[in-house]
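A single structure is presented below for examination.
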Amino acid sequence: MAPIATSPEPAVEPSATQSLSSVTTTYDDTLRFYLNGTRVTIDDIDPEVTLLEYLRGIGLTGTKLGCAEGGCGACTVVVSQYNPTTKKIYHASVNACLAPLVSVDGKHVITVEGIGNVNKPHPTQERIAKGNGSQCGFCTPGIVMSLYALLRNDSSPSEHDIEEAFDGNLCRCTGYRPILDAAQTFSVGKSCGKAKANGGGGCCMERGDGKSGGCGKDGFKDDQPIKRFTPPGFIEYNPDTELIFPPALSKHEFRPLALGNKRKRWYRPVTLNQLLEIKSVYPSAKIIGGSTETQIEIKFKAMQYTVSVFVGDIAELRQFSFKDDHLEIGGNVTLTDLEDIALKAVEHYGPVKGQVFAAIHKQLKYFAGRQIRNVGTPAGNLATASPISDLNPVFVAANATLVAKSLEEEIEIPMSQFFKGYRRTALPPNGIIASIRIPIAKEKGEFFQAYKQSKRKDDDIAIVNAAIRLSLDDSNVVESADLVYGGMAPTTIAAKSAGEFLIGKKITNPATLEGTMNALEQDFDLRFGVPGGMATYRKSLALGFFYRFYHDTLSKLEVKEEEVDEEVIEEIERMISHGKQDTDATIAYQQDVLGKAKPHVAAMKQVTGEAQYTDDIPVQKNELYGSLVLSTKARAKITSVDYSPAMDLPGVVEWLDHTDMPSPEANRWGAPVCDEVFFAVDEVFTTGQPIGIILADSAAHAAAGARAVKVDYEELEPIFTMEEAIVKESFFDHYRYINNGDVDTACENADFVFTGVTRMGGQEHFYLETQACCVIPKPEDGEMEVFSSTQNPTETQTYVAQVCNVAANKVVTRVKRLGGGFGGKETRSVQLTGIVALGAKKTGRPVRCMLNRDEDMITSGQRHPFLAHWKVAVNKDGKIQALDADVFCNGGWTQDLSGSVCDRALSHIDGCYKIPNVHVRGRLCKTNTMSNTAFRGFGGPQGNFIAESYMAEVADRLGMPVERLREINFYKPLEETHFKQSLKDWHVPIMYKQVLEETDYENRREAVRKFNAEHKWKKRGLAIIPTKFGISFTALFLNQAGALVHIYHDGTVLVAHGGTEMGQGLHTKMIMIAAEALKVPMSDVHISETATNTVANTSSTAASASSDLNGYAIFNACKQINERLQPYREKFGQDAPMKKLASAAYFDRVNLSANGFYKTPDIGYTWGPNTGQMFFYFTQGVSAAEVEVDTLTGDWTCLRADVKMDIGRSINPAIDYGQIEGAFVQGMGLFTMEESLWFRGGPMRGQLATRGPGAYKIPGFRDVPQELNVSMLKGVTWENLQTIQRSRGVGEPPLFMGSVVFFAIRDALKAARSQYGVEAEIGSNSKDDGLLRLESPATPERIRTSCVDPIIKRAIVKPLEGERSFFIAI
């Protein structure tokens, strides 16, 4: 969404013009750098252009735009440069979306296109492609470049280096495991030819005898290098063949630069004196180091910096020196270099004197991603004065001194006096941060530690961080104390009361701990509605960090063992992750092509950046760019819209709103209920609702125009949460129920009746490619050509025809591929495409638009939050007798697909359990949030989660292991569900037993009990979860598909079908089906795109049914052609090449094209009467997981997860394992860390707070289970499965398997509560006993606040009368 309007100012104030020009007269205005080995010189430079905009503008579109805030890594490139700190060439992975183009002067920029192509890929590209590390492929170029950067800097990285190399990259498809496995082939442990992993006798490191030295030991010299192991079938990695650092750049003279135009000037001084001269004449000039904060301010906050000064190339600010009593670092040392300097400082001063530097290194380890650390600087960190900076508390607690310089003077500012208020510092206006002096610790009696807790371990901003320093005399009395916290106030703040209390106290006296904790409570007496929310959690972290530090300090003193809480000291650290797949699962039924593991057909194009996505399509002549003007109010009347200021801006061409539609009816859209409008009319019902669109000659001009549009509102009272909607009876007109048996009688006769409430939040799709489209009007007949990133080409075609007032046969929708979809592009893509198509129609010019990440998140909807009030009747033996439930989902402001989502939840609310009496009812809450929509699982995970929640709580009420309760109630083969469908090919009980045995579950359960008995603060949990997922669209008419197959003279085959490729490998599977059916190699079959002029009336690619539907349609077409070719096979032989058969058939005038069709048989359910078959079949699975939780902080890690799926006979196990792993990790994110929050009050009221990767956290590389094992069910026959190849749909079903991590966390929390005597009361239905009621997602906050230890109890913050939380969870 375009930020609020800001009037552009002149580039330089008239009074300062003369002064600035006088000090910069000798500055150059030419940019010189190398790009992929080629010299580039640019004279005419727009100073606001980023490196990414430049690269994509010249056609290097392999580098992608994923978020524009440096949080996803899709834009990663490598910038090679001489590093003045280390005096070496360094190959820095960099976020091109943040890097100003002017920052690459004198450097070598390497993009994914520069290191390899499809015909000659780089080893990093080849191994990720062939290792199945690329699915949708949008994130892949960035991941390739992060790995490339690592190898350029260290050709023999350790396994640990590899594991941490991707901390600035995100992937939403793969689950990360195959990427890590491919990358690990370059590590020392895996790439040594002698390593056991490669079949050798053990490398020198593995043998570890320490006698003979080895290649991994310092000082080892040998003229014969160790043979590097190359996996069979892969290109050997030879570091000597890399792009060299251009020799000309080694001699490059860094000249001061002055660039820009009337609106903005950009300066690049190369000496400290030049910088100080600029600041002296223009103190308000914006100093830019890494641009990691500035670019976000410009992009998302519409900040205007008319004079910017880039200081990244001033060598004087990038030095460091070890002094006798302190380390001095230049203000502009990069954070990557600071990591290395900190380690050197620990080595130089020793571990005791170097405690502060160890703390700096620890904080940097989890500070942002490598791309940010490669350009970010401590001076930038200090100057922005972020209240949650990870480094600032360390500097303050260490009593560091900041050295500020101006042209007139040098001043020293103690860090304790630097922060003056929110984002305000004591830095003089004309001064710059030249260096920081960090004192070393005393030889004896000084103790220093730093801590941090965030939502996600890697690349995440802190919730709370701290640095604590104590100095003791010889009798352990505190001489000085600094307890400095971030995230507890508007600035980095010292806990004054606690610090003062500690002075003069004997640290070994237990009263000292208690007194300090009391003082901390006074220092941080947060109110319930504190900005940022989480008052109880933040307070508990402040107390917990000191508790941990206190015992860490005691452990280093001579005190009695029993006085030290040893176990609280250690924080959770991950091991190197690994996993395995059962690669033999398909051997029994492999054919020539089908059943064999094959890489994604586009993988090599994706890893080399050659794969084309919607916004990669070359710009057309006269093309315009669109920028939406979106509502900023959750519910309001629009009193006026003034777009005239926008029309006066450069490049702005047109404004469109609802008045431009051919009719009021044309403005309406939505499926299946047409209750949404493309453009708001008189009233808005959610923030992010489109009001109009600005069309301009560039994306930047369009965004500036959108910001200039002024909209006035009269606010109305909104509804946000499901609970509010229930109270106000705000529902959509959709009510469904399933009633089977007699619930009331069953409840009367049962031994127990338990009630409960289950609540789970939604989930942002976070596909890496945001919504994008390009619409090209044709000169004849009103034809429109639509390129769209959509899962639903036909619906796109339908609504484009509607807004353009033409028939559907005049519109062609074309989809090459999607950079991820997950359901978010099933209907929501239509909104943007319809609006852009109207613009193309009105102007007669091509129009394109790709949403910014924040725009996408506030307009495109999410997974539906769900709320269920349930009642379960059960007997003493554990046999469940009845289920009664009212189920609510938050539909948002329009219905979209909410009805079908809720229906599917009702059909999955039984889980895998036979419940003879069921009455469940579903309602859709109408609220003033974005319209929630389809998301992988489509209500199934929500229904299953309700089921497993009542199973867990009922088991606790019965005092029975939940594992046993499940076994007692499992469906048996051919039993009927509550919607009266017989379960054929039912294998959940078999898989459940197999997973218990294969994971050694019983012994591990005993080990978990033992661990929990011996550990007070660390708790482990173990869980096993089954799933069944019905495959078919619940709307009967959607269960159909068409296909078109052509065979050409040369024997090659072109296939078209109705499904879109979004990373799930659909095209790969369809090519395999065609190749097998026609008896040709896969390389002879091609799928170009999905288009409405080749296959008409397509269903959306969704519901895990696309392989079933389109696969059978293709098979049907191939069958027709095979019948025509049979005479030629009889003539030339059954194994005759297709080229010979096709040529002969062509000359005999035989049709070599066929149109295939398929519709799913047997299905057709009727709601109400509860008759007919709802699903064609059920995909099934079982997963087990073990976690370890740090109950002091809420931090956790998944130690191991095992997933077994019954997906029938796999068409391609490599693709299917990718789907299983990716869905599992996405599901783990849904149930543990992905939390959407809205602002409750203030000017941002009703707006989504968690927009973009900075605030919304999906799992990263270091969040995957430390051990992840995946297998498929084998050894069964699937007698009743009538699908293509007897395969089952696999895209959605494994997602719920990720919930096993949630239930393992719940298991660990039960142990944590049990040690304080807080447990469920057996046989009771009390609401006030110790039953653990855990909401999803199980964030660190929820984990910590579910504990009952004395620290969390004293940290509880209760709301005052009328006080409400800062954020809303809808």
Side-chain angles (χ1 to χ4, degrees), residues 670-675 722 725-726 729-747 864 866-873 880-891 894-911 913-926 932 934 937-940 942-944 946-947 950 971 975-984 1028-1040 1099 1103 1105 1159-1178:
V673 181
C674 206
D675 62 346
M722 293 178 282
I726 292 166
E729 296 188 347
S730 177
F731 299 113
F732 289 104
D733 186 20
H734 179 99
Y735 172 72
R736 287 278 168 82
Y737 65 90
I738 301 174
N739 193 355
N740 187 41
D742 186 345
V743 169
D744 292 339
T745 303
C747 288
H864 292 74
F866 263 69
L867 174 70
H869 296 268
W870 50 260
K871 178 171 68 176
V872 172
I880 296 176
Q881 300 302 307
L883 167 67
D884 184 271
D886 283 297
V887 177
F888 303 92
C889 75
N890 193 329
T894 66
Q895 192 165 321
D896 195 81
L897 298 172
S898 301
S900 298
V901 169
C902 191
D903 294 351
R904 183 171 280 267
L906 294 182
S907 66
H908 286 68
I909 201 167
D910 59 331
Y913 312 110
K914 176 63 178 175
I915 306 175
N917 305 284
V918 175
H919 188 196
V920 290
R921 302 158 295 278
R923 297 299 302 267
L924 318 180
C925 296
K926 186 176 184 179
N932 290 320
F938 201 79
Q942 291 98 319
N944 276 324
I946 295 166
Y950 65 66
Y971 280 113
E975 284 191 329
E976 286 190 351
T977 65
H978 59 304
F979 48 90
K980 298 183 179 178
Q981 180 164 341
S982 177
L983 291 173
K984 300 172 183 176
K1028 71 168 170 47
F1029 188 91
I1031 303 292
S1032 288
F1033 286 97
T1034 46
L1036 181 62
F1037 70 91
L1038 293 175
N1039 293 283
Q1040 60 173 303
S1099 297
K1159 62 179 182 180
T1160 310
D1162 303 332
I1163 56 173
Y1165 177 78
T1166 304
W1167 288 88
N1170 201 17
T1171 58
Q1173 183 174 317
M1174 190 178 292
F1175 301 113
F1176 194 35
Y1177 60 86
F1178 296 91

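What you see is a predicted model, and the numbers here were worked out from it, not measured in a lab. Worth knowing before you read on, the calculation uses all heavy atoms, side chains too, and leaves out hydrogens, waters and symmetry mates.
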Spacing of I738 atom CD1 and L883 atom CG [to the nearest 0.5 Å]:
10.5 Å

With a 3.5 Å distance limit and no angle check, can you tell me whether N917 reaches the backbone of Q881 through a side-chain donor-acceptor pair?
yes

Compare every heavy atom of C902 with every heavy atom of L924, then report the nearest pair and how far apart it is.
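Taking every non-hydrogen atom into account, CD2-CB, 3.5 Å.
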
Quick check: do V872 and I880 have side-chain heavy atoms less than 4.5 Å from each other?
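A side-chain contact exists here, since the closest heavy-atom pair is under 4.5 Å.
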
Nearest atoms (heavy-atom pairs only) where N944 meets H908
OD1-O, 3.4 Å

K926 NZ to D733 CG distance, which is reported to the nearest 0.5 Å
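One gets 10.0 Å once the value is rounded to the nearest 0.5 Å.
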
Nearest-0.5 Å distance, CG of residue N739 to NE2 of residue H919:
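Going from CG on N739 over to NE2 on H919, the span is 4.0 Å.
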
For residues C925 and I726, report the shortest heavy-atom separation together with the two atoms involved.
SG-CG1, 4.4 Å

F1178 vs F1175 aromatic rings, parallel, tilted or perpendicular, using cut-offs 30° and 60°?
perpendicular

Could you check if a side-chain atom of D884 sits within less than 4.5 angstrom of a side-chain atom of V920, using non-hydrogen atoms only?
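Of all side-chain heavy-atom pairs linking V920 with D884, none is under 4.5 Å.
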
Does a side-chain heavy-atom distance below 4.5 Å link T1160 with F1176?
yes

Is any side-chain heavy atom of K871 closer than 4.5 Å to one of C747?
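In short, these two side chains touch, coming nearer than 4.5 Å.
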
Hey, could you give me each pair passing side chain to side chain donor-acceptor pair (under 3.5 Å) that has a residue in residues 894-906? Not counting sequence neighbours.
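Listed once each, the pairs are E676-T894, H734-D903, R736-D903, T827-D896, R828-D896, H864-S898, T894-S931, D896-T933.
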
In chain order, what residues pass the side chain to side chain contact (heavy atoms under 4.5 Å, CB included) check against A934, with sequence neighbours excluded?
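If we apply the side chain to side chain contact (heavy atoms under 4.5 Å, CB included) test to A934, skipping adjacent residues, the hits are E826, L897, F938.
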
So does E976 get a backbone contact from the side chain of K914, meaning a donor-acceptor N/O pair under 3.5 Å?
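Yes.
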
For the CZ atom on F731, are there more than 12 heavy atoms of other groups (residues, nucleotides or ligands in this structure) within a distance under 6.0 Å?
yes

G1168 to Y737 - nearest heavy-atom pair and separation:
CA-OH, 3.7 Å

K1028: which residues meet the side chain to side chain donor-acceptor pair (under 3.5 Å) condition with it, sequence neighbours left out?
D910

Check: H978 ring centre within less than 6.0 Å of Y913 ring centre
no

Applying side chain to side chain contact (heavy atoms under 4.5 Å, CB included), name anything that partners N890, two or more places apart in sequence or on another chain.
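Per chain and number, N890 pairs via side chain to side chain contact (heavy atoms under 4.5 Å, CB included) with M722, P865, T927, T929, N932, I1370.
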
Side-chain donor or acceptor of Q981 paired with backbone N/O of M1174 under 3.5 Å:
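A pair under 3.5 Å: yes.
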
Going by side chain to side chain donor-acceptor pair (under 3.5 Å), name the residues that satisfy it together with R923, two or more places apart in sequence or in a different chain.
none

Just so I know, are the side chains of E975 and S982 near enough to count as touching, which here means a heavy-atom distance under 4.5 Å?
no

Spatial distance of atom CD1 (I1163) from atom OH (Y1177) [nearest 0.5 Å]:
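Reported to 0.5 Å precision, the distance equals 11.0 Å.
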
List in chain and number order the residues that pass side chain to side chain donor-acceptor pair (under 3.5 Å) with W870, two or more places apart in sequence or in another chain; answer none if no residue qualifies.
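Only T758 meet the side chain to side chain donor-acceptor pair (under 3.5 Å) criterion with W870.
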
Sidechain-backbone polar pair: N1170 side chain, T1166 backbone, donor-acceptor under 3.5 Å
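Here the side-chain-to-backbone pair does not exist.
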
Would you please classify the geometry between the F979 ring and the Y1165 ring as parallel, tilted or perpendicular, with 30° and 60° separating the classes?
perpendicular

Are F732 and V673 side-chain neighbours, meaning at least one heavy-atom pair lies under 4.5 Å?
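F732 vs V673: side chains apart.
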
